[in-house]
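For reference, the structure is listed below as structure tokens.
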Amino acid sequence: MSVQKPSIPKGTRDFPPAEMVRRNYIFEVIRNVFQVFGYQPIETPAMENLSTLMGKYGEEGDKLLFKILNSGNYLDGLPESASRILDPASRLIDLTRHIADKGLRYDLTVPFARFVVQHQNELIFPFKRYQIQPVWRADRPQKGRYREFFQCDVDVIGSNSLLNEVELAQIIDAVFTRLGIRVLIRLNNRKVLAGIAEAIGAPDKLTDITVAMDKLDKTGMDKVNDELIQRGITYESVVKLQPILNLEGKIKVKFDTLETFFKDSEVGRKGLEEMRSVLEFLKDLHLENKFDFDITLARGLSYYTGTIIEVKAQDVAMGSICGGGRYDDLTGIFGLPGMSGVGISFGADRIYDVMNECKLFPETILAATRALFINFGAEEEKYCLKLLANLRQAGIPSEIYPDTVKLKKQMEYANRKNIPFVLLIGKDEIESGMLTLKDMQSGEQKSCTLEETKKLLS
RNA sequence: GUGGAUGUAGCUCAGGGGUUAGAGCACUGGAUUGUGGUUCCAGGGGUCGUGGGUUCAAUUCCCAUCUUCCACCCCA
């Protein structure tokens, strides 16, 4: 049998120890902030019923779902209509519906909504939860985009208060300040976008308008206008939209302009009012990071209804590293209407990439084992084991080299693992009862008692 | 889904229609059998992604396929 080349699926990654230490550092910072703000942890399964997932992320999203083939003979009981293989358009959807009824989660928000509905009687509302777990998307991988990645979600559900939006902004500010990443927090409101669509006379084209506008800073005005026309917006509407596309500069100017723009749009005025409250709160709080009211911010997920937030690193070109917003009726589809929630998601993997590029990881987090016992033979092993247990009980991370091999090799091991101290205990030391402690950095070594050693190592 | 690149040693990459395909790093042994990092010496390791075609001859040229990466769409 030929040996197969080891590999992992496209867009997935292994995490060696050095990376894990850093990843855990990110998770710990985020988790600590979440807890300080009073959020509680939950976890949900990696796979959900496809019925829970499908139709929640738009058509694109459905395509990006990983579907899990049913166990056993999945072709059994396949109805006649499903094998309409001659109709290529409906074939795929038809088939998957019958041979897969589970899928890997696409994000943490929809499973959370399912969770809330399912456990509504046990939860205390407003329910504030956080959740740090991997999600999967059958996307094509590229820079900053993976098929398996971790999201760190915080949501509060069962409260309409804008105080929650403000709190989330504070959480964003706290997390990125602690991690040392300089960010720009962009805010917008879906109602403002709806107002714009209404004011230019294309209320039914909200999604098309936002998708196009979202690209303004990337492709420029002309391309955006082209796309708007292409998406079926009338020339007249596009002309009306121009003052909005040109809107830049001070927040106050944006408000004044939109105020008049929305004189016939109630949604627009409502959205503007919400934005105004949130921004006023934030102004008083003196956040470390900059925030801005950006009307071109759209965000794809179809379930957002109010405030939307997106965070980008200032020093690295990368997609957003955190995003979220308010959704008024996410639980409605699972049978619990009128439950408003708002939440954000930190992209741990992108945050890692940003920190790596900017060299923001503290050196100290790499330290692990403090001392290594050299293995000189059967008798010495036995003697060292007791000393080792003693050190470990004192909370000193330590280990013994498991094999009696050449000293050179054992020293090399300590060296490569960055272990700062080595303990050499051979026949002489056993006889004298002293320990020979070597400092790997300076190369110095001295004879110590067990107590002295413990003091030096702790 | 669309477009562009890529694939040679465990890793990063040179090279080239013609005898035994190279380097650095890593690995193993030695100089140094109770002392690592530096240095020096020696050694192991490759169906040149896979399948087909052109040719006296293909790892090299051509086609297909897959892989990985990059951009678009969309997104964390």
Side-chain angles (χ1 to χ4, degrees), chain A residues 2-13 16 26 30 57-65 92 105-109 132-153 172 207 210-212 214-215 218-219 223 227 230-231 298-302 309-313 317-325 343-354 372 374-377 380 401 404-430 436-445:
Chain A
S2 69
V3 184
Q4 60 165 334
K5 213 175 181 179
S7 65
I8 54 176
K10 190 201 285 281
T12 65
R13 294 148 302 154
I26 294 173
I30 291 175
Y57 310 105
E59 255 178 68
E60 281 292 317
D62 283 357
K63 273 192 253 169
L64 298 181
L65 281 170
L92 269 178
R105 72 165 101 78
Y106 178 90
D107 72 357
L108 299 178
T109 309
I132 299 176
Q133 289 191 276
V135 303
W136 295 269
R137 294 182 189 178
D139 223 348
R140 191 168 286 202
Q142 48 182 281
K143 185 178 184 183
R145 172 173 304 187
Y146 308 100
R147 287 185 143 182
E148 178 185 59
F149 60 97
F150 274 75
Q151 288 193 328
C152 314
D153 271 39
I172 290 170
T207 318
T210 53
V211 167
D214 196 32
K215 291 169 194 155
K218 228 181 188 173
T219 60
K223 286 258 172 73
E227 184 166 346
Q230 216 166 35
R231 283 174 180 268
R299 291 195 60 75
L301 289 177
S302 44
I309 310 174
E310 193 162 283
V311 182
K312 278 193 168 187
M318 172 106 52
S320 63
I321 52 179
C322 177
I344 50 170
S345 178
F346 290 82
D349 303 83
R350 284 187 178 176
I351 291 174
Y352 178 94
D353 291 344
V354 169
L372 173 77
I374 296 295
N375 188 325
F376 280 109
E380 291 90 338
Y401 197 91
T404 308
V405 295
K406 278 196 277 194
L407 240 188
K408 179 187 168 85
K409 189 158 179 150
Q410 301 192 41
M411 296 296 280
E412 229 163 44
Y413 175 81
N415 210 37
R416 295 190 55 186
K417 271 188 85 175
N418 263 319
I419 300 174
F421 293 98
V422 161
L423 284 156
L424 299 114
I425 288 116
K427 295 270 185 310
D428 299 350
E429 285 82 2
I430 294 181
T436 298
L437 180 70
K438 178 176 173 110
D439 181 328
M440 289 300 277
Q441 196 154 27
S442 67
E444 284 168 27
Q445 68 185 55

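Here the structure is a predicted model, which is why all the values come from computation and not from measurement. Order of the sequence lines fixes the chain letters, A, B, ..., with proteins taken first and strands second; residue numbering starts at 1 for each chain.
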Under the 5.5 Å and 30° test, is Phe346(A) stacked on the base of A76(B)?
no
With sugar-phosphate meaning primed atoms plus P, OP1 and OP2, does [X] contact a base, only sugar-phosphate, or nothing at under 4.0 Å between heavy atoms?
X: Asp349(A); result: nothing
X: Phe150(A); result: nothing
X: Lys215(A); result: sugar-phosphate
X: Leu424(A); result: base
X: Gly144(A); result: base
X: Cys152(A); result: nothing
X: Ser320(A); result: sugar-phosphate
X: Val211(A); result: sugar-phosphate
X: Arg105(A); result: nothing
X: Gln441(A); result: base
X: Lys438(A); result: base

In this structure, how many angstroms lie between the [atom2] atom of [N] and the [atom1] atom of [X], rounded?
X: Arg147(A); N: U67(B); atom1: CZ; atom2: P; answer: 9 Å
X: Asn415(A); N: G37(B); atom1: CG; atom2: C1'; answer: 5 Å
X: Leu108(A); N: C75(B); atom1: CG; atom2: C1'; answer: 14 Å
X: Asn375(A); N: U33(B); atom1: CG; atom2: P; answer: 18 Å
X: Arg145(A); N: G1(B); atom1: CZ; atom2: C1'; answer: 13 Å
X: Gln445(A); N: G36(B); atom1: CD; atom2: C1'; answer: 11 Å
X: Ile8(A); N: U68(B); atom1: CD1; atom2: P; answer: 9 Å
X: Glu429(A); N: U35(B); atom1: CD; atom2: C1'; answer: 12 Å

What's the gap between [N] and [M] when it is taken at their [atom1] atoms, as a whole Å value?
N: A57(B); M: G53(B); atom1: P; value: 12 Å
N: C63(B); M: G22(B); atom1: P; value: 29 Å
N: C74(B); M: G7(B); atom1: C1'; value: 28 Å
N: G43(B); M: A26(B); atom1: C1'; value: 14 Å
N: C56(B); M: U65(B); atom1: C1'; value: 29 Å
N: C69(B); M: U6(B); atom1: C1'; value: 7 Å
N: G29(B); M: G44(B); atom1: P; value: 15 Å
N: A9(B); M: G15(B); atom1: P; value: 15 Å

Under-3.5 Å N/O pairs linking protein and nucleotides 24-27 of chain B:
{"from": "C27(B)", "atom 1": "OP1", "to": "Arg416(A)", "atom 2": "NH1", "distance (Å)": "2.5"}

Taking the side chain as C-beta and beyond, is there a heavy-atom pair between [X] and [Y] under 4.5 Å?
X: Arg105(A); Y: Trp136(A); value: yes
X: Phe346(A); Y: Ile351(A); value: yes
X: Val354(A); Y: Ile321(A); value: yes

Taking only Lys NZ, Arg NE, NH1 and NH2, and the carboxylate oxygens of Asp or Glu, determine whether Asp349(A) and Arg13(A) approach each other closer than 4.0 Å.
yes
If the condition is side chain to side chain contact (heavy atoms under 4.5 Å, CB included), which residues does Lys409(A) pass it with, not counting sequence neighbours?
Tyr401(A), Val405(A)
Going through the distances and angles, do Thr12(A) and Glu148(A) end up as a side-chain hydrogen bond (donor to acceptor under 3.5 Å, both in side chains)?
CA-CA 5 Å; Thr12(A) 65; Glu148(A) 178 185 59; 5.6 Å; no
Base-paired stems that RNA chain B participates in, counting runs of 3 or more Watson-Crick or G-U pairs under 3.5 Å
B:1-5 with B:68-72, B:10-13 with B:22-25, B:27-31 with B:39-43, B:49-53 with B:61-65
Testing U35(B), C74(B), G1(B) for proximity to the side chain of Met411(A), the answer is U35(B)
Listed nucleotide nearest any side-chain atom of Lys10(A), set A76(B), C70(B), U68(B):
U68(B)
Do any N or O atoms from the side chain of [X] and from the backbone of [Y] form a donor-acceptor pair under 3.5 angstrom?
X: Arg137(A); Y: Tyr106(A); result: yes
X: Asn418(A); Y: Pro420(A); result: no
X: Gln133(A); Y: Gln151(A); result: no

The single option from Leu424(A), Asp428(A), Ile425(A) passing side-chain contact (heavy atoms from CB on, under 4.5 Å) against Thr436(A)
Leu424(A)
Just the atom pairs and distances: protein N or O near nucleotides 30-32 of chain B's N or O, under 3.5 Å.
{"from": "G30(B)", "atom 1": "OP1", "to": "Lys406(A)", "atom 2": "NZ", "distance (Å)": "3.3"}
{"from": "G30(B)", "atom 1": "OP2", "to": "Lys406(A)", "atom 2": "NZ", "distance (Å)": "2.2"}

With no angle test and no hydrogens, is the base of C74(B) tied to the side chain of Arg140(A) by a donor-acceptor pair under 3.5 Å?
no
Using a cut-off of less than 4.0 Å, is there contact between a side-chain N or O of Gln142(A) and OP1 or OP2 of A71(B)?
yes
By nearest-nucleotide position on RNA chain B, the 5'-leaning member of Lys427(A) and Ile321(A) is Lys427(A)
Here's a test of your reading of the structure: between Lys143(A) and Gly443(A), which maps to the more 5' nucleotide of RNA chain B?
Gly443(A)
For Glu227(A), the salt bridge (Lys or Arg N to Asp or Glu O under 4.0 Å) test, sequence neighbours excluded, returns Lys215(A), Arg231(A)
Can you list everything that forms a salt bridge (Lys or Arg N to Asp or Glu O under 4.0 Å) with Glu380(A)? Sequence neighbours excluded, please.
Lys427(A)
Under the side-chain hydrogen bond (donor to acceptor under 3.5 Å, both in side chains) rule, what do Tyr146(A) and Asp353(A) come out as? Steps first, then yes or no, please.
CA-CA 12 Å; Tyr146(A) 308 100; Asp353(A) 291 344; 2.6 Å; yes
So which of Arg147(A), Arg145(A), Lys63(A) actually passes salt bridge (Lys or Arg N to Asp or Glu O under 4.0 Å) with Asp139(A)?
Arg145(A)
Please report the interatomic distance CD1(Ile419(A)) to CD(Gln410(A)), rounded to the nearest 0.5 Å.
11.0 Å
